[in-house]
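First the structure, in the form of structure tokens, and then the observations on it.
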Amino acid sequence: MRLKGRHWVLFWLLLFLAVSGAVVTRQTRALETARRLRQVRAERGTLDARLADVERRIRTAKTRQVLGPRVQALGLRFPGDSDFVTFAVPTDSAAGRDGEAR
């Protein structure tokens, strides 16, 4: 069977419509992805700002000006500059081992 001219026109029209549909679908998905990317970037900016605020509050909470009243309320004291404690780490023989490598 030999295709006539109208069949070729119909074939090329259907091919054009299929390719056009694929392009439109791809562009629609790309626009949705771009919109979601803008949302995620805005959310990240918000979270970065919150992180910076929390880190600033932590730095402030660790100062002596904030901890001082709390320490005194508990009946404790801050160590002075001259306070120095040495912790001795026990060796293998002092911990009850025979010192041999295993």
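From a predicted model like this one, the values you see are computed outputs, not experimental measurements.
- Grouped with L47 in a hydrophobic cluster is no other residue, since no side-chain heavy-atom contact under 4.5 Å to another Ile, Leu, Val, Met, Phe, Trp or Tyr is found.
- Taking Ile, Leu, Val, Met, Phe, Trp and Tyr as members and joining any whose side-chain heavy atoms lie under 4.5 Å apart, directly or through other members, V40 forms no hydrophobic cluster with any other residue.
- The hydrophobic cluster analysis finds V89 isolated: no Ile, Leu, Val, Met, Phe, Trp or Tyr side chain comes under 4.5 Å of it, directly or through other members.
- Residue pairs meeting the salt bridge (Lys or Arg N to Asp or Glu O under 4.0 Å) criterion with at least one partner in residues 42-51, sequence neighbours excluded, are R44-D48.
- Under the side chain to side chain contact (heavy atoms under 4.5 Å, CB included) criterion, L76 pairs with V71, L74, not counting sequence neighbours.
- Among pairs with a residue in residues 58-72, none fulfils side chain to side chain donor-acceptor pair (under 3.5 Å), at least two apart in sequence or across chains.
- Counting side-chain heavy-atom gaps under 4.5 Å among Ile, Leu, Val, Met, Phe, Trp and Tyr, the cluster of I58 also holds V54.
- Annotation: salt bridge (charged side-chain N to carboxylate O under 4.0 Å, His left out) contacts of R77 (sequence neighbours excluded): D83.
- Remark: R36 pairs with Q39 by the side-chain hydrogen bond (donor to acceptor under 3.5 Å, both in side chains) rule, at least two apart or across chains.
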Donor-acceptor pairs under 3.5 Å, side chain of residues 20-33 to any protein atom, not counting sequence neighbours: which ones?
{"residue": "S20", "atom": "OG", "partner": "F16", "partner atom": "O", "Å": "2.8"}
{"residue": "T25", "atom": "OG1", "partner": "G21", "partner atom": "O", "Å": "2.8"}
{"residue": "T28", "atom": "OG1", "partner": "V24", "partner atom": "O", "Å": "2.8"}
{"residue": "T33", "atom": "OG1", "partner": "R29", "partner atom": "O", "Å": "2.9"}

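- The aromatic rings of W12 and W8 sit parallel, their planes meeting at an angle under 30°, below the 60° perpendicular limit.
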